[in-house]
Amino acid sequence: MIGPKLADALMTILNVPADKVDEVIAVYREWYTSEGMAMSRVYPGIQELLGQLKSDGVALAVATQKPEPLAKKLLAHHGLDGYFHVIRGSHADETLKPGHPDYRAGKAEIIAAALRDLAAESFDVSAPIMVGAAIKMFSVPGVTS
C-alpha cells in the first residue's frame with residue numbers, strides 16, 4: 001500500500017481489528033526487513049538522475065510514511081542514501097495511535113519537517129517539487145490487493 005500510515009491502512013483498508021494491528025505490524029516488519037526490502041528495485045535511471053541533481057546543487061530530501069529508521073535502511077540498501085540532504089519519515093513506533101503525543105497523522109507533517117531541515121541547511125525551499133516513488137513496489141506472497 002502506497003500512501004497512508006501502515007497502522008491506519010491496516011485498519012481502514014484491510015479491516016484489521018485495532019487490537020491486532022500491533023501484532024500484524026511486527027510480523028510484517030520482520031518479514032520486510034529480512035526478505036521484502038531485498039525484493040524492491042530502484043527504477044532504471046534513478047541513481048544517475050539523483051547524482052546529476054545533487055551535482056547541480058539541487059536540494060534533495062525524502063519524505064515518506066515509512067518509519068524514518070526503516071527509510072534510511074532501505075535507501076542505504078539501494079545505495080541511494082548519500083544523494084539526499086535530508087531523510088524524513090514517520091515515527092519509528094508504527095503502533096502509535098491518534099491521541100498519542102508522538103503520533104504523526106500524515107505526510108504533510110513529514111514533508112514540512114523535511115523542508116524545515118533543508119531550510120536549516122540554507123537551501124531555498126520557496127518552490128519545492130514533490131516526486132513520487134523511485135523504488136518499485138512488490139507483492140507480498142499470499143496477499144492480494
Peer 1: Give a yes or no on this: more than 12 heavy atoms of other residues, nucleotides or ligands lie within 6.0 Å of atom CD of Glu30.
Peer 2: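 Check fails, neighbour count at 12 or below.
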Peer 1: Tell me whether Val125 is reachable from Leu60 by hopping between hydrophobic residues (I, L, V, M, F, W, Y) whose side-chain heavy atoms are closer than 4.5 Å.
Peer 2: no
Peer 1: Hey, could you give me the CZ/CD1 distance between Arg41 and Ile46, rounded to the nearest 0.5 Å?
Peer 2: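 If I round to the nearest 0.5 Å, the distance is 15.5 Å.
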Peer 1: Here's a test for you: under side-chain contact (heavy atoms from CB on, under 4.5 Å), which of Asp81, Leu74, Leu75 qualifies with His78?
Peer 2: Leu74
Peer 1: For a quick test of reading the model, state the closest non-hydrogen atom pair linking Pro67 to His91 and the distance between them.
Peer 2: CB-O, 3.8 Å
Peer 1: Would you kindly confirm whether Leu118 and Leu53 end up in one hydrophobic cluster when ILVMFWY residues are joined by side chain heavy atoms under 4.5 Å apart?
Peer 2: no
Peer 1: Linking I/L/V/M/F/W/Y whenever any side-chain heavy atoms sit under 4.5 Å apart, do Val24 and Ile13 land together?
Peer 2: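 Yes, Val24 and Ile13 fall within the same hydrophobic cluster.
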Peer 1: Return the minimal non-hydrogen interatomic distance between Val86 and Ala114, and the atom names on each side.
Peer 2: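 Closest approach of Val86 to Ala114, heavy atoms only: CG1-CA, 4.0 Å.
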Peer 1: Please report the shortest heavy-atom distance between Ala71 and Lys66, naming the atom on each side.
Peer 2: CB-CB, 4.3 Å
Peer 1: Determine yes or no for a side-chain-to-main-chain donor-acceptor pair under 3.5 angstrom, with Asp124 supplying the side chain and Ser126 the backbone.
Peer 2: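 Here the side-chain-to-backbone pair exists.
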Peer 1: Roughly how far, to the nearest 0.5 Å, is the CG atom of Leu49 from the CD atom of Gln52?
Peer 2: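 Nearest 0.5 Å value for the CD-CG distance: 8.5 Å.
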Peer 1: With distance as the sole test, does Lys72 use its side chain to make a donor-acceptor pair with the main-chain N or O of Gly89 at under 3.5 Å?
Peer 2: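 Between the backbone of Gly89 and the side chain of Lys72 there is no qualifying donor-acceptor contact (under 3.5 Å).
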Peer 1: Using every non-hydrogen atom in the two residues, find where Tyr83 and Gln47 come nearest and quote the distance to one decimal.
Peer 2: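 Between these two residues, the closest heavy atoms are OH-CG, 3.1 Å.
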Peer 1: Rounded to the nearest 0.5 Å, how far does CG of Asp22 lie from CG of Asp93?
Peer 2: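 One finds 8.0 Å between CG of Asp93 and CG of Asp22.
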Peer 1: Side-chain contact, heavy-atom cut-off 4.5 Å: Ile110 with Gln65?
Peer 2: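 Ile110 vs Gln65: side chains touch.
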Peer 1: Under 4.5 Å between any side-chain heavy atoms of Leu10 and Tyr28, yes or no?
Peer 2: no
Peer 1: Can you tell me how far apart NZ (Lys73) and OH (Tyr32) are? Round to the nearest 0.5 Å.
Peer 2: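 It is 10.0 Å, given to the nearest 0.5 Å.
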Peer 1: Would you say the side-chain atoms of His85 pair up with the backbone N or O of Ala61, donor to acceptor, closer than 3.5 Å?
Peer 2: no
Peer 1: May I ask you to test the Met37-Leu70 pair for a side-chain heavy-atom distance under 4.5 Å?
Peer 2: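 With C-beta onward as the side chain, the pair touches.
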Peer 1: Of all the heavy-atom pairs spanning Ile111 and Met130, show the shortest one and how long it is.
Peer 2: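 Ile111 and Met130 have their closest heavy atoms at CD1-SD, 3.6 Å.
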Peer 1: Minimum heavy-atom separation for Gly57 and Phe123, please, with both atom names.
Peer 2: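 Taking every non-hydrogen atom into account, O-CE2, 4.4 Å.
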Peer 1: Quick one: does Phe84's side chain get under 4.5 Å of Leu50's, heavy atoms only?
Peer 2: yes
